[in-house]
Amino acid sequence: MDRIRIRGGRPLEGTIDISGAKNAALKLMVAGLLTDKRLILDNVPNLADVETMAQLLAQHGIVVDRPTPRRLSVGGAITNTEAPYDIVRKMRASILVLGPLLARTREARVSLPGGCAIGTRPVDLHLKGLEAMGAAIRLDGGYIDATAPHGLHGAEITFPFVSVGATEHLMLTATLAEGETTLINAAREPEIGDLATCLNAMGASITGIGTDRLSILGVKSLHGANHAILPDRIETGTYACAAAITGGAIFLRGARPADLGAVLVTLSEAGVDVSETTEGIQVSRRNGLHGTDVMTEPFPGFATDMQAQFMTLMAVAEGASMITETIFENRFMHVPELNRMGARINVHGASAIVRGVPALSGAPVMATDLRASFSLVLAGLAAKGETIVNRVYHLDRGYEAVERKLAACGADIERIAG
Ligand SMILES: CC(=O)N[C@H]1[C@@H](OP(=O)(O)OP(=O)(O)OC[C@H]2O[C@@H](n3ccc(=O)[nH]c3=O)[C@H](O)[C@@H]2O)O[C@H](CO)[C@@H](O)[C@@H]1O
Ligand SMILES: C=C(OP(=O)(O)O)C(=O)O
């Protein structure tokens, strides 16, 4: 298993090109199941999760090619409607194939994704939504068995709380259902807008993009399209934290400020200098950081995917911060690892109290999930001495070329293959 070695204490200076968003790319690839024609995606990040999704689609009969490093071509006829446990367990976005398979072939068997390190992550809203659209669903041996003998139809679906995955899943499915589907209290994450824009380019009829009420008028079939994936707002926020924690200055080329929601405002409140340009975002820090409270919320609130990275920043801020996680019940696994590096963090239920310390010290640490992994990389960049981050396969799921991007800004970082 690969590890990352970091010798901390260098201010990072330079430019980082922001990659296409992982959380959009995976769902856009699923859109390829909705048509026999070719869907061409550009600005596709080179990530383990993208490879896993390509594998999943391939075993459904869909051909996924990478004609150029940043382009994916997805298309073909569905030849198998079962999504096996071995692939689904690696990546939760896999569950999103269920509705599109049902809409195209009237049957699907998809493994239940199960819990994962950050929480139980149920899929009941996805299944209830599909049932409202006419699917018959049965759970059998860890699999979701779904059929729609009479096809799927539109429905009015009100989510009791905001779910990114359920909004995307039902929107994808509704494009081919008969009649109109309305999703009320829908998630408004920028990746959902990106997916809706691509589906419309494929011939879907989706209105209300960017709002919490999406209307989807089903069509008979979708065609191919060419779509460039939006820049990754979580990668952007993560490297903004790298500039801030090392007291450096990084230009985040290609980043879109409006997609960051509350994250940029919160960084500014904490003492980070953020300036927006048409080409990207400049982030630097000349003065001290101060403790700032945050609560994770659906977009445009502070993203749960930025919680661990922001906590590391607060670990070296002056004063205390309270960080409350409202989306996932177990997303504080980075806390004991950060404490091993000298942080002073206590968890009380859904909140962590972070008492800032003057400096962290390098240590061997264990990555536990994707964003937690980067929070440890950030700690290593700021710490005195050497940090070894173990189990970096979590990092490779969602961050492209981490060592190259950071080293280009002056970080002393290397991957140790093993
Ligand atoms: C609202 C939110 O911030 N969602 C995050 C969530 O999306 P993801 O799509 O994974 O999760 P959801 O948005 O669906 O989950 C939001 C909340 O609803 C619950 N839930 C969800 C579906 C369901 O059928 N039943 C149910 O109870 C979840 O357990 C969670 O507490 O994780 C992703 C990966 O970290 C993030 O990029 C998303 O920003
Ligand atoms: C946890 C994440 O992804 P996933 O939903 O694929 O687990 C993430 O993007 O931070």
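Computed from a prediction, not measured in an experiment: that's the story for all the values here.
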Quiz item: Can you tell me if R285 uses its side chain to pair, donor with acceptor, with the backbone of N287 under 3.5 Å?
Solution: yes

Quiz item: To the nearest 0.5 Å, what is the distance between CE (M341) and CG (L360)?
Solution: 5.5 Å

Quiz item: Is the backbone of S375 close enough, under 3.5 Å, to the side chain of T312 for a donor and an acceptor to pair up by distance?
Solution: yes

Self-check item: Test side-chain contact (heavy atoms from CB on, under 4.5 Å) applied to Q55 and V50, step by step
Solution: CA-CA 9 Å; Q55 264 176 34; V50 168; over 6 Å; no

Quiz item: Does the D369 side chain pair with the main chain of A372, one donor and one acceptor, at a distance under 3.5 Å?
Solution: yes

Quiz item: Could you walk me through whether I206 and I209 pass the side-chain contact (heavy atoms from CB on, under 4.5 Å) check?
Solution: CA-CA 7 Å; I206 304 173; I209 298 175; 4.2 Å; yes

Practice problem: Apply side-chain contact (heavy atoms from CB on, under 4.5 Å) to R109 and D140, showing your working. | Solution: CA-CA 9 Å; R109 183 171 156 82; D140 171 43; 3.4 Å; yes

Quiz item: Got a donor-acceptor contact below 3.5 angstrom from the H290 side chain to the E269 backbone?
Solution: yes

Quiz item: Does the pair T304 and R331 meet the rule for a side-chain hydrogen bond (donor to acceptor under 3.5 Å, both in side chains), with working shown?
Solution: CA-CA 9 Å; T304 174; R331 213 175 193 181; 2.8 Å; yes

Self-check item: Y239 and F251 aromatic centres sub-6.0 Å
Solution: no

Quiz item: Going by atom types alone, do T238 and Q309 pair a side-chain donor with an acceptor below 3.5 Å?
Solution: yes

Exercise. Find the distance between CG (L33) and OG1 (T173) and round it off to the nearest 0.5 Å.
Key: 10.5 Å

Quiz prompt | Side chain D412, main chain R7, donor-acceptor under 3.5 Å | solution = no

Quiz item: Could you state the interatomic distance from CD1 (I184) to CZ (R213), rounded to the nearest 0.5 Å?
Solution: 4.0 Å

Exercise. Verify the distance criterion only: is there a donor paired with an acceptor across the side chains of Y143 and R138 at less than 3.5 Å?
Key: no

Self-check item: T81 (side chain) donor-acceptor with T79 (main chain) under 3.5 angstrom
Solution: no

Exercise. Give, for atom CG of N43 and atom OG of S19, the distance between the pair rounded to the nearest 0.5 Å.
Key: 7.5 Å

Quiz item: Would you find a donor on one side and an acceptor on the other, under 3.5 Å apart, between the side chain of N330 and the backbone of A117?
Solution: yes

Exercise. May I ask you to decide whether D212 forms a salt bridge with R188, counting only side-chain N to carboxylate O separations under 4.0 Å?
Key: no

Exercise. To the nearest 0.5 Å, tell me how far L127 CG sits from I95 CD1.
Key: 6.5 Å

Exercise. For side-chain contact (heavy atoms from CB on, under 4.5 Å), just list the numbers for F374 and M306, CA-CA rounded to whole Å, side-chain angles, deciding distance to a tenth of an Å, and then say yes or no.
Key: CA-CA 10 Å; F374 215 114; M306 279 301 303; over 6 Å; no

Self-check item: Point-to-point distance, once rounded to the nearest 0.5 Å, from OG1 of T207 to CG of L214
Solution: 8.0 Å

Quiz item: Looking at R371 and E235, does any basic side-chain N land under 4.0 Å from a carboxylate oxygen?
Solution: no

Exercise. Decide whether T368 and E337 meet the rule of one side-chain donor and one side-chain acceptor closer than 3.5 Å.
Key: no

Quiz item: Would you say the side-chain atoms of N339 pair up with the backbone N or O of I345, donor to acceptor, closer than 3.5 Å?
Solution: yes

Quiz item: Is there a side-chain hydrogen bond (donor to acceptor under 3.5 Å, both in side chains) between R38 and S73 once you walk through the steps?
Solution: CA-CA 6 Å; R38 291 251 133 209; S73 159; 2.4 Å; yes

Quiz prompt | Residues T296 and Q307: side-chain donor-acceptor under 3.5 angstrom | solution = no

Self-check item: Carboxylate-amine/guanidinium proximity below 4.0 Å for R404 and D17
Solution: no

Quiz item: Does R92 reach the main-chain N or O of R121 with its side chain, forming a donor-acceptor pair under 3.5 Å?
Solution: yes

Exercise. Mark yes or no for whether R10, through its side chain, and G410, through its backbone, hold a donor-acceptor pair below 3.5 Å.
Key: yes

Quiz item: Any ion pair linking E191 and R233 (charged N to carboxylate O, less than 4.0 Å)?
Solution: yes

